[in-house]
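Following: one structure in structure tokens, then a few remarks.
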Number of protein chains: 2
Amino acid sequence: MTNAHDMLFRTLADPTRRAIFERLCREGEQTVGALTAQSGVSQPAVSKHLGLLRQAGLVRDRHEGRQTHYSAQLAALAPLTDWTNQMNAFWQSRFDDLENLLKRMDQ
Amino acid sequence: MTNAHDMLFRTLADPTRRAIFERLCREGEQTVGALTAQSGVSQPAVSKHLGLLRQAGLVRDRHEGRQTHYSAQLAALAPLTDWTNQMNAFWQSRFDDLENLLKRMDQ
DNA sequence: GGGATCGATAACTCTTTGGCTATTGATCGA
DNA sequence: TCGATCAATAGCCAAAGAGTTATCGATCCC
């Protein structure tokens, strides 16, 4: 029962990794070195996080000489928005049912 | 640097736990027994998940005799929506900057 | 060509976490 | 009152995951 939301939620659950993604959203394309500089963890750790973010579709990489530039792929957040909307829809739907019930009781 | 989104993302990252929350959104208030029946894991596991969901503010509990009824607290999802909107805002803001730059270059 | 830099990978450690069984406390019903 | 049921807790175990250092391949520059 593991659906597509899984990787998305799990990937964003780690604070270090989410901070990297947030920074890419804020400041646009960044090299691994630049991201490492302010991440508080080692370069290999950052590379691993970027790998997971890429697997989740949240970032793209672009190679230029020996540097790798990463950028946020905002569209990948859509399933998250959809999921939230769906939860709200479920809630609303049950509320409507209750409303209908009350209306019928009113008659 | 651990902000409030942390617990929310982390809590929703586990598929079993998220399924429980989704069910509460879909079907409204449920007892622990009912939730356990279709969760695929043991009752103590479900109780633990419910404890974490409650800590994250995602569910409420209501005691009635020896049963405990849980219900979804949809408002707790707000920070998630906010976060997504903020990421989009960052993105949009950078896009606007680019647009301004291009406009200035055009002059 | 040879040293330096950049980023990915390998190999390892340690902590966290999700699961289990067993048990307890509380309430219900006969 | 006594057995049964409900949910929470305790205690344990195995797997996952985030971090580290060491290293490698590739590119750059002198």
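Just so we're on the same page: letters track the sequence lines, and every chain starts at 1.
- Look at CD on B/Glu64: it is 14 Å from C1' on D/dA7, rounded to the nearest Å.
- Using cut-offs of 30° and 60° on the angle between ring planes, the pair B/Phe21 and A/Trp83 is tilted.
- Residue B/Arg10 contributes atom CZ, which lies 17 Å from atom P of C/dT15 at whole-angstrom precision.
- The side chain of A/Thr31 places no N or O atom within less than 4.0 Å of a non-bridging phosphate oxygen (OP1 or OP2) of C/dC6.
- With hydrophobic clusters built from ILVMFWY side chains whose heavy atoms lie under 4.5 angstrom apart, A/Met87 does not share a cluster with B/Leu52.
- The side-chain heavy atoms of B/Thr68 and B/Leu50, taken from C-beta on, include no pair separated by under 4.5 Å.
- Side-chain proximity of A/Gln67 to the nucleotides D/dG17, D/dC28, C/dG7 is greatest for C/dG7.
- The NE2-C1' distance, from B/His69 to D/dC6, rounds to 11 Å in whole Å.
- Considering B/Thr31, B/Val32, B/Leu24 as possible partners of B/His69, the one that fulfils the side-chain contact (heavy atoms from CB on, under 4.5 Å) test is B/Thr31.
- Checking side-chain atoms of A/Thr84 against main-chain N and O of A/Leu80 turns up a donor-acceptor pair under 3.5 Å.
- Rounded to an integer number of Å, the gap from CZ of B/Arg66 to P of D/dC6 is 6 Å.
- The residue among A/Asp14 and A/Gly65 whose nearest nucleotide of DNA chain D lies closer to the 5′ end is A/Asp14.
- With rounding to whole Å, A/Asp6 atom CG is found 12 Å from C/dG18 atom P.
- The CD-P distance, from A/Glu29 to C/dG7, rounds to 12 Å in whole Å.
- Counting any heavy atom pair closer than 4.0 Å across all strands shown, B/Thr36 reaches no nucleic acid atom.
- Separating the CG atom of A/Leu35 from the C1' atom of C/dC6 is a distance of 13 Å, rounded to the nearest angstrom.
- Only B/Val41, B/Ser42, B/Pro44, B/Ala45, B/Lys48, B/His49, listed by number, bring a heavy atom of residues 37-49 of chain B to less than 4.0 angstrom from any atom of DNA chain C.
- At the phosphate of D/dA8, OP1 or OP2 sits under 4.0 Å from a side-chain N or O atom of B/Tyr70.
- As a whole-Å value, the separation of A/Leu52 CG from C/dT9 P is 11 Å.
- A close approach under 4.0 Å does occur between a side-chain nitrogen or oxygen of B/Thr16 and OP1 or OP2 of C/dG19.
- Using a cutoff of 4.0 Å between basic side-chain nitrogens and carboxylate oxygens, B/Arg18 and A/Asp6 are scored as salt-bridged.
- Contact detail for A/Val59 and A/Gln73: the closest heavy-atom pair is C-CG, 3.8 Å.
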